[in-house]
Protein chains: 4
Amino acid sequence: MSTNKQEEIYKAALKLFAERDYDGTTVPMIAEAAKVGAGTIYRYFESKESLVNSLFQKVVMEFSETIKTDFPNSNEIREQFRHVFYQMVRFAKSNIYALLFIDSHAESYYLNEKSRSVFDGFMNFLVAIIEKGKERGVFSSLPSNALICIVYGAFVSFFKEIQHGKIIETPELIQGIERSCWNAIRID
Amino acid sequence: MSTNKQEEIYKAALKLFAERDYDGTTVPMIAEAAKVGAGTIYRYFESKESLVNSLFQKVVMEFSETIKTDFPNSNEIREQFRHVFYQMVRFAKSNIYALLFIDSHAESYYLNEKSRSVFDGFMNFLVAIIEKGKERGVFSSLPSNALICIVYGAFVSFFKEIQHGKIIETPELIQGIERSCWNAIRID
Amino acid sequence: MSTNKQEEIYKAALKLFAERDYDGTTVPMIAEAAKVGAGTIYRYFESKESLVNSLFQKVVMEFSETIKTDFPNSNEIREQFRHVFYQMVRFAKSNIYALLFIDSHAESYYLNEKSRSVFDGFMNFLVAIIEKGKERGVFSSLPSNALICIVYGAFVSFFKEIQHGKIIETPELIQGIERSCWNAIRID
Amino acid sequence: MSTNKQEEIYKAALKLFAERDYDGTTVPMIAEAAKVGAGTIYRYFESKESLVNSLFQKVVMEFSETIKTDFPNSNEIREQFRHVFYQMVRFAKSNIYALLFIDSHAESYYLNEKSRSVFDGFMNFLVAIIEKGKERGVFSSLPSNALICIVYGAFVSFFKEIQHGKIIETPELIQGIERSCWNAIRID
DNA sequence: AATGAATGAGGATTCATTCAT
DNA sequence: AATGAATGAATCCTCATTCAT
């Protein structure tokens, strides 16, 4: 087959974990969705717990890489913000389950040290951007992680509604949300 | 006894569901935390599923009532927004588990019709406020639920960070967040 | 009921472990034989492994106590030997599975520290008897544990044959075996 | 290659079965120890059960042949006994796992008709020797299989202790054990 | 009303066996 | 011939629920 089984397992698990949470998802469910035998999952992952952790790390790194791709090195904070936001949108649109999975599983009791540090690394990248903006007097002087919360929280919340069919996504709407988020954290 | 058992069960379940999710929480865990026998839970609730649903409805209604309490009937949108925001803060501070529980359990597969409609009713109240503001040209013309997402998403995200000890809450910070959220959705 | 469930589980497990070994015995098999639900076993024992260990310790201690019961304090080695041998017979006859279980499970990879030390304690009691006999010049000067091997090995082997129906036990036969074992290790 | 794969599989299985029992040994364990693929085992043996049976028969026959090799046709029972005993020692020393495997797997539920009859054939050879000795009034008049139990049980028990490092084997010790076993069953 | 021992259906995981390469 | 990835039946174990006390 074209895609290999590990990838199918990742894909199936991602969707199920995003929709039903870790504990609400059974290994047989994943196996069925991935069209593999239940035992096959254990050829690729030591345990269900190791599967979530691998998946979490993989997906956070993909998110991180998406955001870093073509990151503008110019000193234009506004431009950097827009870039980050639209790359988040790109990521969310290409893989909504990944976004929801990351959001609902970060801070979970079954995540291991490495998963947490990968996630922290990702967050630190965002913090760095905010910090630079604050130095330049572009952003509000609130704590950087508070500012990230505002943008990230709003963003995820928005895509959850899209996913549930309660908001129809359009380019103009995205544009409006981007502007709102910018307005939320810039100095006024 | 001073507090009755049903209340203890609700309290224990709320904390556990917020921290470990519905499926990650077992009935014996709840029983132990509530200091009752496992069987006792079934005197008050038909099943675990009926317990989450009851709890969800109860907690959403409390949230809703908190927000509606002393709601300013003046026509000052800015004042109404501030009221709603600070009542959300009051609710979050008095019962952080309730906030996290609502956030992570809304849209879950085990919620029944009634739970969903209670939650929708709550959201509609917020939508109404937004709609009025939009009519007056105070808020951005983005869809109302998108605007709610921004404020609600930012707010919850912020309190999650507080709960995880990553942000220290101060009156000034709350004030700053309120202003950010307002800036996010007002016409600029 | 007169006997409690833990005792029924012990009894069922003992027979099955003796007949089919630890790994050849499944928890449902034990549950069925003990006439309890499979889950009930886990109310009494943490795991299958903890069950074998508990059982092993219990049974070795019973064997040990049987042998020590009415142990003659006289200085007659011949009398002490006869006592030990007949108490072993008594134990084997009252609970053949216990004897076979001890024999086939001692030195197994799943036995824990405590099980091993209980077994060693039992063996040391036998060693002490042999040592005293050797001091008095009654027993062969071979290493004590070698002498024990001869008697114990012969004894267990003999009762295995009885268990398999290949030897019919009679008082005279037991008497003959006791004498043989004595002859095996005494000075000639 | 110098040794063929079937031989490697036999060797690996023998050690593992002796150390961990049939059910405690997995086919992949055997494959790894034999340095072959798991599937390869099924080229040589129909199933795991057929492997134990083949192995059991092979090993019992080797034991049997070892004992019969150079069997003294003289009428000296003492000499015959010594021969058998020392050949058992030779076998045990050359392949301790074989001895332990035979001992712990005889009478197991997964042995088939043929395995049982091969084992019985072996035992009958020993019985014949004993019977002859009894006719001549050299051995005790106890049942022949009881006498075999004494010698065989003592012998195996002794080599188990050697295997577990609790007894150090020396020529003098072996000599002493042989004499003990003889004393155990001869007329006194 | 309250309990917690008991249950068995269902979960995570293992493993004998197959089969495409 | 040899492999080892793949499978699913069978393990061990958990947990929602019941019920005798």
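Any value given below was found using the heavy atoms of this structure, including those in side chains, with hydrogens, waters and symmetry copies removed. Protein chains get the first letters and strands the later ones, always in sequence-line order, with residue 1 at the start of each.
Atom pair I41(C):CD1 and dT14(F):P shows a separation of 13 Å (rounding to whole Å applied). Distance F45(B) CZ to dA2(E) P: 12 Å, rounded to the nearest Å. Going from atom CZ of R20(D) over to atom C1' of dC15(E) covers 13 Å, rounded to whole Å. Put simply, NZ on K35(D) is 13 Å from P on dT3(F), counting in whole angstrom units. Atom-to-atom, CG of L51(D) to C1' of dC15(E) comes out at 15 Å; the value is rounded to the nearest Å. Atom CD in E8(D) sits roughly 12 Å away from atom P in dT3(F) (whole-Å rounding). Between the CD atom of E32(A) and the P atom of dA12(E) there is a distance of 14 Å, given to the nearest Å. As rounded to whole Å, 14 Å separates atom P of dA6(F) from atom CD of E7(A).
Under the 3.5 Å distance criterion, with hydrogens and angles disregarded, no donor-acceptor pair is assigned to the side chains of N53(D) and S50(D). For the residue pair S117(B)/D120(B), the side-chain donor-acceptor check at 3.5 Å is not satisfied.
Pairing partner, dA9(E): dT14(F), with both Watson-Crick or wobble hydrogen-bond distances short of 3.5 Å. With a cut-off of 3.5 Å on both pairing distances, the Watson-Crick or G-U wobble partner of dA20(F) is dT3(E).
The shortest side-chain heavy-atom distance between I41(B) and K5(B) does not fall under the 4.5 Å cut-off. With a 4.5 Å cut-off on side-chain heavy atoms, L51(B) and V27(B) do not count as touching.
The residue Y44(A) sits close only to the backbone: its heavy atoms come under 4.0 Å of sugar-phosphate atoms, none of a base.
The cationic group of K11(B) does not satisfy the cation-pi geometry with Y97(B), failing either the under 6.0 Å distance to the six-membered ring centre or the 45° limit from the ring axis.
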Check: Going through the distances and angles, do K58(A) and E62(A) end up as a salt bridge (charged side-chain N to carboxylate O under 4.0 Å, His left out)?
Finding: CA-CA 6 Å; K58(A) 171 175 139 72; E62(A) 283 167 9; 3.0 Å; yes
Next item on the list: Do nucleotides 16-21 of chain E as a string where each nucleotide becomes B, S or -: B if the base has a protein heavy atom under 4.0 Å, S if just the sugar-phosphate does, - if no protein is that close.
Entry: SBB---
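Y10(B) and F17(B) have their aromatic ring centers separated by at least 6.0 angstrom.
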